[in-house]
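Shown next, in structure tokens, is the structure this report addresses.
Heads up: numbering here begins at 1 and tracks the sequence. Read the numbers this way: they start at 1 and go in the same order the structure lists the ligands and their atoms.
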Amino acid sequence: MKTLRLDLPAHQYDIHIGPGLLSQPELLTPHLSPEILVVTNETVGPIYLQNLLELLRQQPVVQRVKHVSLPDGEQHKHMGTLDEIFTRLLELGYSRRCTLLALGGGVIGDMTGFAAAAYQRGVNYIQIPTTLLSQVDSSVGGKTGVNHRLGKNMIGAFKQPELVLIDTLTLQTLPDREYAAGLAEVLKYGLIADAEFFVWLEQNWRKLLEREPGAVAEAIYRSCALKAEVVADDETEQGRRAILNLGHTFGHAIETWTGYGAWLHGEAVATGLLMAADLSSRMGHLESSVIDRVHTLLEQAKLPVRSPDGMSRDDYLQLMARDKKVESGVLRLVLLKSLGHAIVTSDFRVEDLYLTIDHFQS
Ligand code: NAD
Ligand code: GLY
């Protein structure tokens, strides 16, 4: 097991990474309270819930262990589904001392975190991410929330967990398409902050595609370390944290346009990464060879490298105008100055943005 610590001014927590951690209750024990609600979904629950419930019931501090199973899918990441968590908590009569455990991918993690931020004005929660994407990104850093039909992740709160427990064995049951989607976010870290990690990814891509455990654990560790460093620097995204959204302005537009769930979040980010690299190159910042390198890795992972069929320039522009990085009506994008160096800027030519969008049309 490897452990990282996320050090924030008002809160610190561990990120444990390793195989079989879900069978090590002592990692959870210090963070438990008398009332526990495990939040999971109809796909992950049948695989991992029973063992977890049994371990929790054996903990002396725990008096009540209950769970709620939500419908599976990005299309259910909205206020209505969130309400199912609140209803369960209220029906159980859980107090402010309860602890929520998020057992699942990023959708479950984001919704559980938001529920924890809001229930009785804030209770503790623990992230137990079970997809590659949630292990390298969404479980760390405290961004929580739900989608609105008019925009992705538009309703939410910053709420840091008490612990992130990453059991890499859970990836064994993850479908290939979901696994590949997580690799897009891993690639993001190399692009924005660590050229040496990007080269390591190129060298180890075959092992990662084959899910070689050592390579996967190393990729998760290095991704979480980069994320923890950026979040520690700028917890509530006043500036630098926005670089973690490389490709996401394009990607969120794709997710919203296609209807949540048709494209996986990581798939939309994959195309978005390429579009951001393309625009960065058109602006004269980035060598075009980097675009080719990203393209090769995405194709090898069978990730999309073109826009969805029929998504027009206007569709992009309308949806991108609702991005959370828009300030006073001005669109800001995360772009690459060079491999491993991202910037957040509104200083791009709109003609170049049009060329990039048009270039990726199917
Ligand atoms: P997801 O939560 O929908 O999980 C993907 C699929 O895999 C689901 O069907 C799920 O039930 C299934 N699954 C999960 N773990 C499994 C396992 N071990 N075995 C078998 N099946 C399993 O999607 P995701 O890619 O994990 O997360 C995407 C979400 O995360 C998006 O909503 C995105 O906005 C959000 N996100 C948030 C942040 C953040 O900082 N909070 C960062 C990145 C992404
Ligand atoms: N996934 C972007 C962030 O956590 O800021």
Atoms of ligand 1 less than 4.0 Å from [X] heavy atoms?
X      : value
Asn153 : 34 (O)
Gly106 : 2 (O), 24 (P), 26 (O), 27 (O), 29 (C), 30 (O)
Lys152 : 31 (C), 32 (O), 33 (C), 34 (O)
Lys77  : 31 (C), 32 (O), 33 (C), 34 (O), 35 (C)
Val44  : 11 (O), 13 (N), 14 (C), 15 (N), 16 (C), 22 (C)
Glu178 : 5 (C), 6 (C), 7 (O)
Thr170 : 17 (C), 18 (N)

Does an N or O from [X], backbone or side chain, lie closer than 3.5 Å to an N or O of ligand 1?
X      : value
Glu74  : yes
Asn41  : yes
Glu185 : no
Val107 : yes

What part of [X], side chain, backbone, both or neither, has a heavy atom within less than 4.0 angstrom of ligand 1?
X      : value
Thr173 : both
Leu174 : both
Lys143 : both
Leu264 : neither

Does the side chain of [X] reach to within under 4.5 Å of the side chain of [Y], using non-hydrogen atoms?
X      : Y      : result
Val136 : Lys227 : no
Leu183 : Leu133 : no
Leu279 : His359 : no
Gln361 : Met311 : no
Leu27  : Met1   : yes
Val290 : Asp292 : no
Leu150 : Met154 : no
Leu191 : Val294 : yes

Electrostatic pair Asp234:Arg240 at N-O distance under 4.0 angstrom
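Between Arg240 and Asp234 there is no salt bridge, as every charged N stays at least 4.0 Å from the carboxylate O atoms.
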Top protein contact for [atom], by heavy-atom distance:
atom                    : answer
atom 43 (C) of ligand 1 : Asp137 OD2, 3.5 Å
atom 15 (N) of ligand 1 : Thr130 OG1, 2.7 Å
atom 4 (O) of ligand 1  : Thr131 CG2, 3.5 Å

[X] touching ligand 1 at heavy-atom level, < 4.0 angstrom:
X      : result
Tyr48  : yes
Glu255 : no
Lys227 : yes

Going by heavy-atom distance to [atom], choose the closest among [options].
atom                    : options                       : answer
atom 8 (C) of ligand 1  : Leu244, Asp72, Thr40, Thr43   : Asp72
atom 21 (N) of ligand 1 : Gly261, Ala184, Pro175        : Pro175
atom 39 (C) of ligand 1 : Ser138, Gly73, Ala181, Ser134 : Ser138
atom 25 (O) of ligand 1 : Asp110, Ile108, Leu133        : Leu133

Is there a side-chain contact (heavy atoms from CB on, under 4.5 Å) between Thr99 and Tyr125 once you walk through the steps?
CA-CA 5 Å; Thr99 301; Tyr125 79 110; 5.5 Å; no
Pairs touching residues 250-285 that satisfy ring-ring contact (aromatic ring centres under 6.0 Å, His included), sequence neighbours left out
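Of all non-adjacent pairs touching residues 250-285, those that pass ring-ring contact (aromatic ring centres under 6.0 Å, His included) are His248-His252, His248-His265, His252-His265.
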Qualifying ring-ring contact (aromatic ring centres under 6.0 Å, His included) pairs, either residue in residues 5-41, two or more places apart:
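Qualifying pairs, neighbours excluded: His11-Tyr13.
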For a quick check under 3.5 Å, do [X] and [Y] share a side-chain donor-acceptor pair by atom type?
X      : Y      : answer
Gln172 : Thr170 : no
Ser281 : Glu287 : no
Tyr48  : Thr40  : no

Give me the one residue out of Leu4, Leu163, Thr3 that meets side chain to side chain contact (heavy atoms under 4.5 Å, CB included) with Ile15.
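By the side chain to side chain contact (heavy atoms under 4.5 Å, CB included) criterion, Ile15 pairs with just one of Leu4, Leu163, Thr3: Leu4.
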A cation-pi test, strictly: NZ or CZ of Arg64 under 6.0 Å from the centre of the six-membered ring of Tyr94 and no more than 45 degrees from its axis. Yes or no?
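Ring-cation test returns no.
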Taking only residues two or more places apart in sequence or in another chain, which ones pass side chain to side chain donor-acceptor pair (under 3.5 Å) with Asn41?
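Side chain to side chain donor-acceptor pair (under 3.5 Å) list for Asn41, sorted by chain: Asp72.
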Near ligand 2, which residues have a heavy atom under 4.0 Å away from one of its atoms?
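Within the 4.0 Å shell of ligand 2, which is judged on heavy atoms, sit Asp137, Lys143, Lys227, Glu237, Arg241, Leu244, Asn245.
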